[in-house]
Amino acid sequence: MNTMDLPRHIAVIMDGNGRWATKRHLPRFAGHRAGLEAARELATICVKKGIEVLTLFAFSSENWLRPTEEVSFLMDLFLTALEREADKLHQQNIQLRIIGERDRFDVKLQQQIKRVEALTAKNTGLKLNIAVNYGGRWDITEACKKLALEVEKGLLSSQDITPELVNQKMALSDLPPPDLFIRTSGEQRISNFMLWQFAYTELYFSEALWPDFNETELEKALAFFAGRERRFGYTSEQIREKQHA
Ligand code: IPE
Ligand code: IPE
Ligand code: MG
């Protein structure tokens, strides 16, 4: 595949851990454990392929609604994953960032997030973002609050608020927006992921359950992406003219 056809930024809803486990007569948490392995592998594959940005949805604003034991298990899994994986990520020159509302996390988890982000902040390889307690609506609301505060302080006039300015206040605004979205497990919805950033993202849905999502599955998603014509509002003719210019 021509590297020009590769997405710069891939965003993934890692869905289907529970069903993967249930199919094997295992408890749901075994699926989450297997899901962590799949996430780890995908990051390594992206490093190998030279993908610039990978954003993984690990826990949504709504996932607190799950049974308490499952929520606690997931929070513990994030903590142990950060503790165990930090050095390996660092060795791979990966820059790790966590996006989402952190206040609701245990202090230990908050500290660990800060530690790993600081450790990997200067790395120049894959930018790996994990969305935890993240919601697209939360992200947009935070941007609104930041702008409202500037207006309150007299630093900004409401008339000067533009899509570009809103964008600057969104999570990951310093990175290119996702080119390719992947959701596993056959569900075809956004589930409050990056509502703002997905304006022109190509959407790919895989039937694979997340723990089964491997390099072969990624190749299918990349082939789908390479076959899309991204028009951003232009006509097909205009796009072809631009390519030949
Ligand atoms: C995705 O898998 C992981 C999280 C949301 C944390 P699920 O746990 O949603 O798996 P299914 O959808 O129940 O199979
Ligand atoms: C979306 O999956 C969130 C994550 C994968 C973290 P869900 O399994 O929570 O989504 P719904 O509830 O089926 O839409
Ligand atoms: Mg699910």
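Just so you know, ligand 1 is whichever comes first in the structure, and atom 1 is the first atom listed for that ligand. FYI, side chains are in, hydrogens and waters are out, and symmetry mates aren't considered; it's all heavy atoms of this structure.
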Could you tell me how the ring of F224 sits relative to the ring of Y204: parallel (under 30°), tilted (30 to 60°) or perpendicular (over 60°)?
tilted
Plane angle bin for W64 and F105 - parallel if under 30°, tilted between 30 and 60°, otherwise perpendicular
tilted
Does ligand 1 have an atom under 4.0 Å from some heavy atom of S185?
no
Do G18 and ligand 1 have an N or O pair less than 3.5 Å apart?
yes
Can you find an N or O of W20 that's nearer than 3.5 Å to an N or O of ligand 1?
no
Could you see which bit of R19 sits under 4.0 Å from ligand 2, with heavy atoms only: side chain, backbone, both or neither?
neither
F193, portion touching ligand 2 at heavy-atom distance under 4.0 Å:
neither
Evaluate the side-chain proximity of [Y] to [X]: yes if any heavy-atom separation is below 4.5 Å, no if none is.
{"X": "S236", "Y": "R231", "answer": "yes"}
{"X": "L96", "Y": "L82", "answer": "yes"}
{"X": "S185", "Y": "W210", "answer": "no"}

Per the side chain to side chain contact (heavy atoms under 4.5 Å, CB included) rule, which among L56, I51, L42, T201 passes with I10?
I51
Using the side chain to side chain contact (heavy atoms under 4.5 Å, CB included) rule, pick out the option among E52, E202, R230 that qualifies with D179.
R230
Around [X], counting heavy atoms of other residues, nucleotides and ligands shown, do more than 12 lie under 6.0 Å from its [atom1]?
{"X": "R240", "atom1": "CZ", "answer": "yes"}
{"X": "R24", "atom1": "CZ", "answer": "yes"}
{"X": "E237", "atom1": "CD", "answer": "yes"}

Atom indices of ligand 2, in the order listed, that fall short of 4.0 Å to a heavy atom of [X]:
{"X": "S191", "answer": "10 (O), 11 (P), 14 (O)"}
{"X": "F59", "answer": "6 (C)"}
{"X": "F57", "answer": "3 (C), 4 (C), 5 (C), 6 (C)"}
{"X": "D15", "answer": "8 (O)"}

Can you check which of R189, E187, R66 brings a heavy atom nearest to atom 7 (P) of ligand 2?
R66
Checking only N/O/S atoms, does D15 have one that is under 2.8 Å from the Mg ion (ligand 3)?
yes
Per-residue contact class, N63 against ligand 1 - non-hydrogen pairs under 4.0 Å:
side chain
Report the part of A58 (side chain from C-beta onward, or backbone N, CA, C, O) that has a heavy atom under 4.0 Å from ligand 1; answer both or neither where that applies.
backbone
Protein heavy atom at shortest distance from atom 10 (O) of ligand 2
R183 NH2, 3.2 Å
Give the residue and atom name of whichever protein heavy atom lies nearest to atom 1 (C) of ligand 2, and the separation in Å to one decimal.
I13 CG2, 3.8 Å
Does atom 13 (O) of ligand 2 have a protein non-hydrogen atom under 4.0 Å from it?
yes
